[in-house]
Amino acid sequence: MNAVLSKFADNFSETAIDDEIVVMNLASGDFFSLTGTARAIWLLLDGTRDLAAVTAALAADYGAEPDAIGPEVADFVTELEAAGLIRRG
Amino acid sequence: MSAPRTPEQAMALLDRESRVRHGPVPHELGGRDCAPGQWLISDGRFLSRCPSGYGFLYERGHGVTVERPAVPDPAEEALWLGGSVHVAIAALNGLLPLHASAVAAGGRAYAFTGPAGAGKSTLAAALGGLGLPMMCDDTLLVDPLGPDPLVCLPGRKRLKLLDDALALSGAVAEAPVGVETGKVYARPPGGTVTVPLPLAMLIFLEDGPEPIWEPIFGAERSARLDDDHYRQAMVRAAQDEGRAGQFALRARVAGQVRMARLVRPRSPEGFAASVRLAADRIAAEGKD
């Protein structure tokens, strides 16, 4: 298993409004609105899954092939990491 | 953790904190100079100095001190006390002031918000002609320290309208405002509400070619709460909650209060149509 993806809980506040999750980076004040698959990935980042497991779970939820969605999931996870919202390991 | 304060407690607090006495007011607060036309908030206090020579100091627990210029103008004094000073007192006592005029329907409040000149007061007053009494004009105070659902307090400011808005809304002129605002104090045709009510909806007024009512969903509901930069800057200065606290407050409001855009043309016909549309949608919202 590769590095587990975990949220930096101290770095952000989040709230659900309708079908969206709004996340605010407490250091920068930047907002992130997560809908659709972005919201689904965010919810899968529960500190127990690595990138492959997140991709597999998302693929199962959406009836997709993990290989087909893998690059986009990886890109989004990298964005969250760059934004200081999650970490690997 | 203390129990949420009741709306009655919030109203009594506001009454107590809004008491006025006259006397000298400093020119600086918290080590910073307050130039004419500016305001400062520091350590539970608010200071504002006006170009006309008026000075206003509010100290939490001590009420408001007003320094009058050599030639006082009671009309101007009333405008400041009902405007910036009122907003500062609210913010320094944990209330969330929104730039909105509201009506009551079915025991809940429906608030119209938008920038100055958007027609908030005129629309809210005009809805009185369709049986919806007015809850507040220009400033709506929501109490985040109260219980759920979020409650807003009845307004303390008299309705002010321009002459053309009087004609559009059916409000009755009572007295000139007295300062060069071009407005008169007026009585809304549907009367006023004097009790706190749950806040059901925030409606954002926008200009457009035809009347449209469009619900606002998701993250935009949170983002829209930041539209009113002036009042929200005062809240940030007064409440010192940090980003997490501000976010939590916005999340609570956005999570409970429905929102919509009301787009309408700036014409008498468009205004009448938008009043009917708003009344219809508010009636429909009340049935949900």
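Between the CD1 atom of I17(A) and the CD1 atom of I216(B) there is a distance of 11.5 Å, given to the nearest 0.5 Å. Between R250(B) atom CZ and S13(A) atom OG the span is 11.5 Å, to the nearest 0.5 Å.
E28(B) CD: more than 12 foreign heavy atoms inside a 6.0 Å radius. Atom CG of D43(B) has 12 or fewer neighbouring heavy atoms from other residues, nucleotides or ligands inside a 6.0 Å radius.
Contact count versus chain B (heavy atoms, under 4.5 Å) is highest, among I21(A), L26(A), D19(A), L34(A), for L26(A).
Side-chain contact between F247(B) and F12(A) is absent, with no heavy-atom pair separated by less than 4.5 Å.
With a 4.5 Å cut-off on non-hydrogen atoms, A27(A) touches chain B through its backbone but not through its side chain.
When all heavy atoms are compared, the tightest approach of G218(B) to D18(A) is N-OD2, 2.7 Å. When every heavy atom of M24(A) is checked against every heavy atom of R243(B), the shortest pair comes out as CE-O, 3.2 Å.
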